[in-house]
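Worth saying up front: this structure is predicted, and the values here are computed from it rather than measured. Proteins get letters first, then strands, A, B, ... in listed order; numbering begins at 1 in each.
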There are 2 protein chains.
Amino acid sequence: MNQKKATIHDIASELGVTASTVSRALSGNPRISQNTRRAVLKTAKALNYEPNQIASALRSGKTQLIGMLVPIINRSFFSSIIRGVEDVANKLDYRVIVSQSDEKQENEAATLKAFLNARVDGVIASIGKQTRDFDHYQEILDSGLPLVLFDRTTSDLQTGQVVIDDYEGAYKATVHLIEQGCRRIAHFTARRKIDIYKKRCLGYLDALRDHNIPIDKKLIFAGDLQLSDGRRHTAELINKQLPFDAVFAASDYAVMGAMQVLKEKKISIPDQVALVGFLNEPFTSFTDPPLSTINQFPMEMGKAAARIFFDSLESERGISEQKIVIEPELIVRASSEKRKTNS
Amino acid sequence: MNQKKATIHDIASELGVTASTVSRALSGNPRISQNTRRAVLKTAKALNYEPNQIASALRSGKTQLIGMLVPIINRSFFSSIIRGVEDVANKLDYRVIVSQSDEKQENEAATLKAFLNARVDGVIASIGKQTRDFDHYQEILDSGLPLVLFDRTTSDLQTGQVVIDDYEGAYKATVHLIEQGCRRIAHFTARRKIDIYKKRCLGYLDALRDHNIPIDKKLIFAGDLQLSDGRRHTAELINKQLPFDAVFAASDYAVMGAMQVLKEKKISIPDQVALVGFLNEPFTSFTDPPLSTINQFPMEMGKAAARIFFDSLESERGISEQKIVIEPELIVRASSEKRKTNS
DNA sequence: TTACCTTGTGCAATCGATTGCACAAGGTAG
DNA sequence: CTACCTTGTGCAATCGATTGCACAAGGTAA
């Protein structure tokens with residue numbers, strides 16, 4: 001059953017030439033005559049020859065492998081990015097090794113070390129929430145390998161990046177709510193000071209400012225942006241009798257929590273309170289009413305990351321520090337669209 | 001910046017021994033003296049030595065890589081399975097190469113060939129919907145590599161499998177609806193004759209039979225189980241004035257379509273029509289009302305697949321043909337739970 | 001005819017880890 | 001003292017593809 005794979009030596013001895021000749025014939029070296037080349041190709045096909053990439057990798061130092069590190073694999077956002085990277089990589093005959101950090105720095109470090117040992121040709125990664133220093137990432141760069149960060153990035157590393165314009169996304173979302181006539185817009189953000197959430201908060205604040213709407217700090221809630229956080233914040237708004245006519249949350253889960261509590265309290269959406277989330281999680285189109293949200297184009301992010309990666313590989317002059325910023329899109333659904341627009 | 005990696009030769013020359021001795025010391029060969037071993041380990045640490053897995057792979061024929069082939073990466077079900085496999089594999093110091101087939105046989109074949117060239121130690125895969133023969137999978141087995149199929153499997157290949165008990169899941173779902181007092185239960189199934197859907201249909205039919213409920217073929221609809229199919233089937237039920245008091249669909253998407261149409265027609269859920277889906281897609285808990293569905297435990301499926309895989313690797317006697325059947329769980333949510341149970 | 005170039009192929013080292021066999025030093029039994 | 005065993009290392013081949021250099025055969029120009 002275990003039919004041995006043919007090697008270039010098998011082809012060589014079949015034809016009475018040496019392995020060098022076969023190797024050159026297969027790689028298109030011009031010093032090989034047409035006759036020999038034809039014979040080699042024919043024999044290769046006959047013997048069902050497939051190159052041993054391991055041997056090739058050992059010699060050339062190139063494994064055709066990309067190490068991909070994400071916080072959580074089974075989140076729509078991340079798996080879509082994997083898909084995007086995959087699409088580009090496979091076309092160029094690269095394979096993608098996937099691993100997850102569970103947001104933990106120690107897992108990241110272990111995975112990156114494993115990637116180095118597996119001699120990947122480079123790494124595409126998103127930084128875990130609990131990561132506090134970047135030495136383990138720096139090691140990748142020190143090894144001379146391309147590193148591309150996406151979504152959760154850092155300016156501490158001089159390397160390629162793909163992010164969305166979080167500020168712009170939040171700004172668009174908030175302006176949209178303002179245009180729907182909302183004036184008391186609550187915002188749910190993250191407790192931890194992570195870049196993307198800070199930017200979303202800034203976008204929210206600037207949008208209010210630009211429209212001369214007073215900022216009420218009591219309407220800003222910091223939590224973990226999970227469903228339960230959204231529920232808690234919303235309950236607090238209601239219990240404290242803080243007037244509000246919209247919620248813009250930095251995550252779809254948090255805004256979903258708001259929707260649940262509002263419905264329980266028979267507060268109508270969007271008429272009394274309009275809702276906009278962030279992420280475009282698949283569930284947002286299935287809620288009642290469907291949730292307005294911000295699309296981050298994760299597949300495109302993945303493709304962009306892969307493109308920077310391959311640019312880095314090809315360029316002789318070190319690692320690309322290219323930064324691609326993807327424009328987010330506001331998806332307006334019923335949760336924020338009032339029947340009569342009064343803008 | 002590109003600090004060369006230390007090799008066993010570097011350690012050897014540092015200590016005035018040969019690479020063989022270093023190799024043996026590192027692998028725990030008993031012929032090496034304690035002194036030498038200690039010195040080697042110390043020098044290895046000092047030089048920051050990490051073994052080159054490519055070289056090792058070339059010599060040993062083992063790459064510590066698992067090729068994983070799924071129809072679509074960014075579907076919760078599949079990404080959760082990847083996560084399960086990943087968890088088990090990483091602990092055993094294996095890495096997972098992920099690739100998607102987009103349900104197409106030609107992509108499957110190309111990916112499997114790429115896996116073989118990358119010299120993966122085996123393959124874990126789910127068969128694409130459009131795949132009609134299995135020669136490309138057979139090649140994996142012919143190469144003597146372990147192959148484990150999950151969810152979408154076939155009896156044409158003698159190899160390990162992990163599936164859920166689709167029949168049982170459908171049976172449970174249908175019985176649950178019967179217990180809620182439903183008697184006219186519609187079923188949405190797949191047009192294509194795929195095993196898992198046939199079994200779900202059988203479970204539905206047997207549950208009805210076992211409860212002496214007449215089977216009405218007009219209540220069974222075959223489509224593609226997408227949202228739009230669910231909408232179409234439901235509209236047809238209503239337009240043709242076929243009485244029905246429940247829908248059990250073989251996919252959450254299809255049942256979601258039913259929910260939308262029912263709500264548009266002001267038909268109350270679950271009182272007039274109860275709903276149960278299949279898959280436990282993340283969105284099902286966020287709909288209004290939340291959807292009852294069948295949990296397939298995808299992470300556990302992934303872990304089980306990995307376990308069979310490693311069993312196969314370890315056993316000297318050929319590929320494991322173990323088959324693990326996972327018991328699905330009925331998740332009862334508001335879409336099917338009537339206020340007063342009349343069972 | 002000589003010096004030199006072109007074309008096509010072979011030789012052998014290389015990538016780094018692994019391993020069967022050889023062998024030296026020292027110990028033990030008879 | 002001899003035969004043999006044990007312990008610890010070294011030597012060299014191996015995995016398969018790649019590549020710098022050598023070199024033979026034939027051609028060309030002077």
Side-chain angles (χ1 to χ4, degrees), chain A residues 2-41 43-44 47-65 93 116-121 143-144, chain B residues 2-41 43-44 47-65 93 116-121 143-144:
Chain A
N2 199 332
Q3 38 166 325
K4 270 287 191 329
K5 282 274 187 179
T7 71
I8 53 171
H9 293 96
D10 299 328
I11 300 177
S13 65
E14 187 82 8
L15 293 173
V17 297
T18 61
S20 342
T21 302
V22 174
S23 173
R24 292 194 179 96
L26 291 172
S27 65
N29 187 308
R31 301 293 290 270
I32 300 298
S33 71
Q34 279 305 314
N35 282 337
T36 310
R37 188 187 316 279
R38 259 194 294 271
V40 165
L41 291 175
T43 310
L47 295 181
N48 204 11
Y49 168 80
E50 294 286 347
N52 183 327
Q53 291 189 5
I54 299 298
S56 171
L58 178 59
R59 185 68 228 268
S60 67
K62 300 289 160 207
T63 52
Q64 308 278 108
L65 292 175
D93 222 30
L116 282 177
N117 289 352
R119 293 318 199 252
V120 298
D121 288 346
S143 304
Chain B
N2 199 332
Q3 38 167 321
K4 271 289 190 330
K5 283 273 188 182
T7 72
I8 53 171
H9 293 95
D10 300 327
I11 301 179
S13 63
E14 187 83 7
L15 292 173
V17 297
T18 60
S20 338
T21 303
V22 175
S23 173
R24 291 195 180 94
L26 291 171
S27 66
N29 187 308
R31 299 294 288 274
I32 299 297
S33 71
Q34 280 304 315
N35 282 338
T36 309
R37 187 188 315 281
R38 259 193 295 270
V40 165
L41 290 176
T43 310
L47 294 181
N48 205 9
Y49 168 79
E50 295 284 350
N52 185 325
Q53 290 189 6
I54 298 299
S56 171
L58 178 59
R59 185 67 228 267
S60 67
K62 299 290 161 208
T63 52
Q64 308 278 108
L65 291 175
D93 222 34
L116 282 176
N117 288 351
R119 286 337 195 239
V120 297
D121 288 346
S143 304

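For the OP1/OP2 pair of dT9(C) and a distance below 4.0 Å, the side-chain nitrogens and oxygens of S33(A) include at least one atom meeting the criterion.
Residues Q64(A) and D121(A) share a closest heavy-atom pair of N-OD2, 2.8 Å. For the pair T63(A) and A118(A), the tightest heavy-atom approach, listed with the atom from each and the gap, is CG2-O, 4.0 Å. Closest of all the heavy-atom pairs between G28(B) and R37(B) is CA-NH1, 3.5 Å.
In this structure, dT19(C) and dA12(D) make a Watson-Crick or G-U wobble pair, each of the two defining distances being under 3.5 angstrom. Using Watson-Crick or G-U wobble geometry with both donor-acceptor distances under 3.5 Å, dA25(C) finds its partner in dT6(D).
Among the heavy atoms of the strands lying under 4.0 Å from T36(B) are primed sugar atoms or P, OP1, OP2 only; no base atom is included. Across all strands, V22(A) comes closer than 4.0 Å to no nucleic acid atom at all (heavy-atom distances).
dA17(D) atom P lies 5 Å from atom CD1 of I8(A), rounded to whole Å. What separates CG of L26(B) from P of dA17(C) is a distance of 9 Å, to the nearest Å. Taking atom CG of residue L15(A) and atom C1' of nucleotide dG10(C), one finds them 15 Å apart after rounding to whole Å. Counting to the nearest Å, the C1' atom of dT6(D) and the CD1 atom of I32(B) are 15 Å from each other. Regarding K62(B), its NZ atom lies at a distance of 17 Å from the C1' atom of dT14(D), rounded to whole Å. Distance, H9(A) NE2 to dA17(D) C1': 8 Å, rounded to whole Å. Following rounding to the nearest Å, I54(B) (CD1) and dG16(D) (P) show an atom-to-atom distance of 15 Å. If you measure from atom CZ of R38(A) to atom C1' of dG8(C), you get 15 Å, rounded to the nearest angstrom.
Interface remark: the S20(A) side chain does form a donor-acceptor pair with the dC11(C) base, using a distance-only criterion of under 3.5 Å. For R24(A) against dG20(D), a side-chain N or O and a base N or O form a donor-acceptor pair under 3.5 Å.
Considering CD of E50(A) and CG of L116(B), their distance stands at 8.0 Å, rounded to 0.5 Å. A distance of 12.5 Å separates OH in Y49(A) from OG1 in T43(A), rounded to the nearest 0.5 Å.
Where R31(A) and V17(B) meet DNA chain D, the nucleotide closest to each residue was compared, and V17(B) sits on the side nearer the 5' end.
With dA17(C), dC15(D), dT14(C) as the candidates, the nucleotide lying closest to the side chain of N52(B) is dA17(C). Comparing dT18(C), dG8(C), dA17(D) against the side chain of S56(B) picks out dT18(C) as the nearest. Proximity note for R59(A) (side chain, C-beta onward) versus dA17(D), dC15(D), dG10(C): the nearest is dA17(D). Out of dC11(C), dT9(C), dA17(C), the shortest distance to the side chain of T18(A) is found at dC11(C). The side chain of S23(B) approaches dT18(C) more closely than any other nucleotide in the set dT9(C), dT18(C), dG10(D). Of the candidate nucleotides dT19(D), dT18(C), dG10(C), dT18(C) has the atom nearest to the side chain of A19(B).
Residue R24(A) forms a side-chain contact (heavy atoms from CB on, under 4.5 Å) with just one option from T36(A), T18(A), I32(A), V40(A), and that option is I32(A).
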